[in-house]
Amino acid sequence: MTQAANTLQFYNTETKRKEPFTSIEPGHVRMYTCGPTVYDFAHIGNYRAYVFEDVLRRYLHYRGYRVTQVMNLTDVEDKIIRRAQEKGITIFEHTVPFIEAFFEDLDTLNIEQAEHYPRATDYIPQMLEIIRTLREKDYTYERDGSIYYRIAKFQSYGRLSGIRPDEVKSGARIDSDEYEKDDARDFVLWKGRKENEHFWESEFGPGRPGWHIECSAMSKEFLGDHFDIHTGGEDNIFPHHENEIAQSEAASGVKFVNYWLHCRHLLVDGEKMAKSKGNFFTLRDLIQRGHHPSAIRYFLVASHYRSPLNLSEEALKASHAAWTRIMDFHTRIVEIIQRKVDAPRVEALDAEWKKFVTQFETHMDDDLDTPRALASLFDFIKESNKILDANPIAQSQAKQLLDTLKRVDTVIGVIKEEEALLDEEIEQLIQLRQDARKQKKFALADKIRDELANQGIILEDTRDGVRWKRR
RNA sequence: GGCGGCGUAGCCAAGUGGUAAGGCAGAGGACUGCAAAUCCUUUAUGCGCCGGUUCAAAUCCGGCCGCCGCCUCCA
């Protein structure tokens with residue numbers, strides 16, 4: 001691990017403070033990241049959370065930690081059951097295509113694979129095990145075939161969200177649809193079977209799991225009773241995560257999670273995304289509108305995860321431009337390497353990238369401060385371009401520059417190596433244009449350039465020949 | 001009603017007591033056959049509003065206005 005003057009720290013929702021990070025097991029971080037409920041395509045707001053978690057994971061790797069990440073797939077829940085019923089299919093037939101789509105989307109956004117993606121329905125026995133333990137410890141009671149958790153018995157209930165149990169508004173949102181409970185604030189662990197609903201047999205009778213229990217069961221399964229980091233969107237703080245703590249700690253008797261990290265919601269044009277408002281976008285919608293995946297990822301990475309982020313057409317365009325600037329710089333360095341020039345080492349350049357790496361790490365260490373980390377990247381690009389304009393650069397030095405950029409991009413994840421070569425027809429057009437230029441037939445040359453532009457190929461005439469890029 | 005967060009240039013977004021980062025867009029210039037890329041210059045006498053503390057406030061305190069989130073299954 002690199003030595004840095006400062007230490008990695010995260011803002012912990014539970015303590016409302018930034019705290020230095022220490023893993024339970026040296027060199028190994030175990031984290032649980034709340035994943036999607038797969039009743040439909042995930043929307044762009046969901047992906048803010050997953051990209052944030054990806055950056056967290058990537059930076060922990062950058063810092064030399066081994067990471068074990070679990071992301072649950074919630075594949076049984078009210079909406080899933082309702083939609084499956086409407087279509088006359090099983091819940092599994094309904095969720096599997098959306099699970100596949102979810103993984104495609106993760107790939108589109110260059111999100112690294114977690115170590116485990118457990119599906120709730122595969123861990124029913126583990127959930128029942130926890131409920132059994134809770135019952136033995138007298139944290140539960142039964143009503144009409146459902147098992148409830150008795151909040152009043154858990155002393156520190158509310159410590160994550162800051163919501164005291166007696167402040168929870170009773171009435172309006174707790175409607176007659178709910179089963180009879182001793183206390184309106186209690187939550188369900190096991191829901192008694194309703195007609196036509198998918199159910200599992202259990203010692204508590206036929207039914208299905210409550211929402212919160214799956215995360216307690218699956219985190220325990222893969223990470224143990226006590227692990228390092230648990231993340232999710234801000235909406236999860238209450239009641240979901242609060243209830244997870246209550247369940248897990250009551251059952252295990254030990255502390256559940258050391259660091260709780262939550263990201264803010266994404267807004268669209270200043271408002272909460274809602275299908276009724278017509279401002280609801282899936283990742284696929286944005287791609288279809290012509291937004292480049294890397295530009296979308298850049299947009300999500302460029303703001304701090306605890307700050308509000310407002311999606312708009314203009315903001316996405318700006319992100320695309322900023323991303324292009326990074327890519328152009330990358331291309332420039334790759335070309336220098338390909339040219340194999342022999343030149344004296346430019347020490348000013350070494351100084352720039354060393355300064356940059358230090359700044360980048362300092363900012364990322366500070367609760368993943370990506371806005372400032374990227375600002376230092378742009379400073380670095382500007383200063384490097386200046387030096388590159390004025391000096392020939394040796395291949396060996398350019399390689400170091402590229403390594404630096406790539407290493408930083410193991411965290412940011414927006415640099416795309418050129419995937420495809422140009423097809424021959426385009427190569428020929430570029431050559432044709434070069435010939436025309438030599439003969440000073442500029443009208444023809446410009447016409448070819450325009451044609452290529454229409455096909456998404458942008459040409460740049462440089463001192464060292466023609467450079468092309470897509471889009 | 002309770003709890004929490006936010007309000008900085010046309011847009012995105014840093015800055016949490018010392019005199020306004022960075023990106024995009026705009027303007028002028030260098031380079032170019034013209035462009036593009038790159039570089040240079042330029043763009044907030046002011047950080048929602050009104051008071052207060054201080055030698056000094058976007059930053060602290062009080063009040064007000066506006067926006068957002070959570071308050072039982074929504075990242």
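Throughout, a chain's letter reflects where its sequence line sits, starting with A, and its residues are numbered from 1.
Judged as a side-chain hydrogen bond (donor to acceptor under 3.5 Å, both in side chains), and not counting sequence neighbours, A:Ser319 has no contacts. Contacts of A:Arg372 classified as side-chain hydrogen bond (donor to acceptor under 3.5 Å, both in side chains), with partners at least two apart in sequence or in another chain: A:Asp366, A:Asp369. Applying the side-chain hydrogen bond (donor to acceptor under 3.5 Å, both in side chains) rule to A:Gln85 yields no partners; only residues at least two apart in sequence or on another chain are considered.
As judged by a 4.0 angstrom heavy-atom cut-off over every strand, A:Asp461 is placed among the base-contacting residues. A:Arg433 comes within 4.0 angstrom of a base, heavy atoms only. A:Asp328 comes within 4.0 angstrom of sugar-phosphate atoms only, judged by non-hydrogen atoms across all strands, and of no base. The residue A:Ile237 sits apart from the nucleic acid: no heavy atom pair falls under 4.0 Å.
For residues 436-461 of chain A, the set of pairs meeting the ring pair (Phe, Tyr, Trp, His ring centres under 6.0 Å) definition, not counting sequence neighbours, is empty.
For A:Arg264 and B:C6, a side-chain-to-base donor-acceptor distance below 3.5 Å is absent, hydrogens and geometry of angles not being considered. Between the side chain of A:Lys191 and the base of B:C73, a donor-acceptor pair under 3.5 Å is found. Looking at A:Asn236, its side chain has no donor and acceptor atom pair within 3.5 Å of the base of B:C70.
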I'd like to know whether A:Leu309 forms a side-chain contact (heavy atoms from CB on, under 4.5 Å) with A:Leu267, so could you lay out the CA-CA distance, the side-chain angles of the two residues, the decisive distance to 0.1 Å, and finally the verdict.
CA-CA 6 Å; A:Leu309 174 61; A:Leu267 301 177; over 6 Å; no
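Checked against the 6.0 Å centroid criterion, the rings of A:Phe102 and A:Tyr50 qualify as a close aromatic pair.
Picking from B:G33, B:C12, B:C74 the nucleotide with the shortest atom distance to the side chain of A:Ala445 gives B:G33. Taking every side-chain heavy atom of A:Asp235 into account, B:C74 is the closest of B:A13, B:C34, B:C74. In this structure, the nucleotide among B:G22, B:C34, B:A75 sitting nearest to the side chain of A:Ala49 is B:A75. Nearest to the side-chain atoms of A:Ile458 among the listed nucleotides B:C12, B:A36, B:U38 stands B:A36.
Within the 3.5 Å criterion, the main-chain N or O of A:Val301 finds a donor-acceptor partner in the side chain of A:Thr370.
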Are there any protein N/O atoms within less than 3.5 Å of an N/O atom in nucleotides 40-44 of chain B, and if so, which ones and at what distance?
| unit_1 | atom_1 | unit_2 | atom_2 | d |
| --- | --- | --- | --- | --- |
| B:C40 | OP1 | A:Lys386 | NZ | 2.8 |

Show the distances under 3.5 angstrom between N or O atoms of the protein and N or O atoms of nucleotides 14-17 of chain B.
| unit_1 | atom_1 | unit_2 | atom_2 | d |
| --- | --- | --- | --- | --- |
| B:A14 | OP1 | A:Ser307 | OG | 3.4 |

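Once the 5.5 Å centre distance and the 30° plane angle are applied, the aromatic ring of A:Phe442 is found stacked with the base of B:G33. In this structure, A:His265 does not count as stacked on the base of B:G69 under the 5.5 Å centre distance and 30° plane angle limits.
Crowding of A:Lys317 atom NZ: a count of heavy atoms from other residues, nucleotides or ligands under 6.0 Å not exceeding 12.
Atom P of B:C12 sits at a distance of 37 Å from the matching atom of B:U54, rounded to the whole Å. B:U41 and B:G51 are spaced 40 Å apart, taking the C1' atom of each and rounding to whole Å.
The partner of B:U59 is absent, by the rule that a Watson-Crick or G-U pair needs both atom distances under 3.5 Å. Across all strands shown, B:U54 remains unpaired; no Watson-Crick or G-U wobble contact has both distances below 3.5 Å. Base pairing analysis places B:C67 opposite B:G5; the two distances defining the Watson-Crick or G-U wobble pair are each below 3.5 Å.
The shortest heavy-atom contact between A:Pro308 and A:Arg264 is CG-NH2, 4.0 Å.
Each of A:Leu134, A:Leu128, A:Leu189 was scored for a side chain to side chain contact (heavy atoms under 4.5 Å, CB included) with A:Ile147, with one residue passing: A:Leu189.
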